[in-house]
Amino acid sequence: MTKNIAVLVSGGGTNLQALIDAQDRGEIIGGQITAVISSASDAYALERAQKAGIPGYVLARADYPSTQAMTQALVEKLRQLDIQLVVMAGFMTIVTGELFQAYENAVLNIHPSLIPSFCGKGCYGLHVHEKALAYGVKLSGATVHFVTEECDAGPIVLQKAVEVLPDDTPEVLQRRIMEQCEWKILPQAVSLFCQDRLKVEGRTVRVL
Ligand code: GAR
């Protein structure tokens, strides 16, 4: 049976676009993006969803008394929409354990570094690349992992690396990592999940 996919976004949505494009090329086998949920009503990602004919929803932290109440509303919405896979694609809002209890090993996140480097609380977006450049690493990249309660610490599904070049700015490095890593491994991981080809064994994910 085809899995219904919800993509959670907060901003520009280039990773959402990569998923939509992959879907249009027939590369998301066994799955269909049926909802885009944004933490911000003005996220450009919502326009991308609309253009692709995918229903968009807004779920803002400010509309709820607590992070837990917001997470409960999110889980309720996901259940209502009969979602089987949740993809965090540039989703910048912290959620509580209710999500991972309801969707155990069924929430994927894309992070713009080679985890366990440059990740964890406060390490998101451009900050990640600033830290990588400040540290002087020669390689960086992106990671798709299952989301667990501990920030950026869940089992790793796919990683891809690129070279860091001498004159890189955070923006230039971010763009290289998006183009060459994120936009490739996120659709791949989603397709593998939808084909039931990801088996989680402790911290290790076996690709069947
Ligand atoms: C992406 O680079 C994504 O990896 C990163 O935010 C950007 C969102 O861009 N996510 C994180 O830093 C999560 N910790 P997008 O909205 O264009 O996909």
Side-chain angles (χ1 to χ4, degrees), residues 5-23 28 33 35-52 54 56-61 67 74 85-96 99-100 107-135 137 139-162 164 168-190:
I5 305 164
V7 184
L8 272 47
V9 296
S10 296
T14 64
N15 278 288
L16 166 67
Q17 192 64 55
L19 287 167
I20 293 170
D21 293 346
Q23 175 165 284
I28 307 290
I33 306 165
V36 170
I37 301 178
S38 174
S39 65
S41 59
D42 59 353
Y44 184 65
L46 284 171
E47 279 185 44
R48 295 183 191 271
Q50 199 185 11
K51 277 188 197 137
I54 301 165
Y57 307 87
V58 177
L59 201 126
R61 168 66 185 84
T67 304
L74 173 61
L85 170 64
V86 182
V87 180
M88 293 183 167
F91 186 65
M92 301 303 186
T93 300
I94 299 284
V95 293
T96 54
L99 178 63
F100 318 119
V107 184
L108 291 173
N109 180 49
I110 177 86
H111 183 79
S113 75
L114 296 171
I115 288 177
S117 290
F118 315 118
C119 63
K121 237 179 159 206
C123 213
Y124 60 90
L126 210 55
H127 300 305
V128 180
H129 308 294
E130 285 163 2
K131 287 185 189 202
L133 290 176
Y135 203 93
V137 291
L139 288 175
S140 192
T143 303
V144 177
H145 64 94
F146 281 111
V147 184
T148 56
E149 284 215 55
E150 202 186 330
C151 186
D152 293 336
I156 290 170
V157 178
L158 294 176
Q159 290 187 303
K160 194 162 187 291
V162 287
V164 177
D168 276 351
T169 61
E171 289 80 4
V172 167
L173 181 59
Q174 178 182 52
R175 186 72 193 181
R176 184 179 311 123
I177 289 174
M178 281 179 154
E179 283 177 357
Q180 295 183 30
C181 307
E182 299 185 44
W183 302 343
K184 293 191 171 152
I185 62 173
L186 185 59
Q188 280 168 9
V190 166

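Each ligand, and each atom within it, is numbered from 1 in the order the structure gives.
Scanning all protein heavy atoms for the shortest distance to atom 6 (O) of ligand 1 gives M92 CE, 3.2 Å. Regarding atom 12 (O) of ligand 1, its nearest protein heavy-atom neighbour is G125 N, 2.8 Å. Taking atom 8 (C) of ligand 1 as the reference point, the nearest protein heavy-atom neighbour is G90 CA, 3.6 Å. Of all protein heavy atoms, the one lying nearest to atom 7 (C) of ligand 1 is M178 CE, 4.2 Å. Nearest protein neighbour of atom 14 (N) of ligand 1, counting heavy atoms only, is H111 ND1, 3.3 Å. E182 OE1, 2.7 Å is the protein heavy atom nearest to atom 4 (O) of ligand 1. Nearest protein heavy-atom contact of atom 16 (O) of ligand 1 is G13 N, 2.8 Å. For atom 11 (C) of ligand 1, the nearest non-hydrogen atom of the protein is P112 CD, 3.6 Å.
Inclusion of T14 in the set of residues having an N or O under 3.5 Å from an N or O of ligand 1 is warranted. Every N/O-N/O distance between Q174 and ligand 1 stays at or above 3.5 Å.
When all heavy atoms are compared, the tightest approach of C181 to K160 is SG-O, 3.5 Å. Nearest heavy-atom pair across F118 and H111 is O-NE2, 2.8 Å.
Side-chain atoms of H129 never come within 3.5 Å of backbone atoms of R175 as a donor-acceptor pair (strictly under, hydrogens ignored). Using a distance-only test at 3.5 Å, with no hydrogens or angles considered, no donor-acceptor pair links the side chain of T93 to the main chain of S39. Here the side chain of S38 pairs no donor or acceptor atom with the backbone of V58 at under 3.5 angstrom.
Within the 4.0 Å heavy-atom shell around ligand 1 one does not find V9. In this structure, M88 does not count as a contact residue of ligand 1, since none of its heavy atoms falls inside 4.0 Å of the ligand.
Between atom CG of residue L19 and atom CD1 of residue I28 there is a gap of 5.5 Å, rounded to the nearest 0.5 Å.
Under a cut-off of 6.0 angstrom, the local environment of OH in Y124 is sparse, with at most 12 non-hydrogen atoms contributed by other residues, nucleotides or ligands. Atom CD of Q50 is surrounded by 12 or fewer heavy atoms from other residues, nucleotides or ligands within 6.0 Å.
With 3.5 Å as the limit, one finds a donor-acceptor pair spanning the side chains of R61 and T67.
With ligand atoms numbered from 1 in the order given, ligand 1 contributes 1 (C), 18 (O) to contacts under 4.0 Å with heavy atoms of N15.
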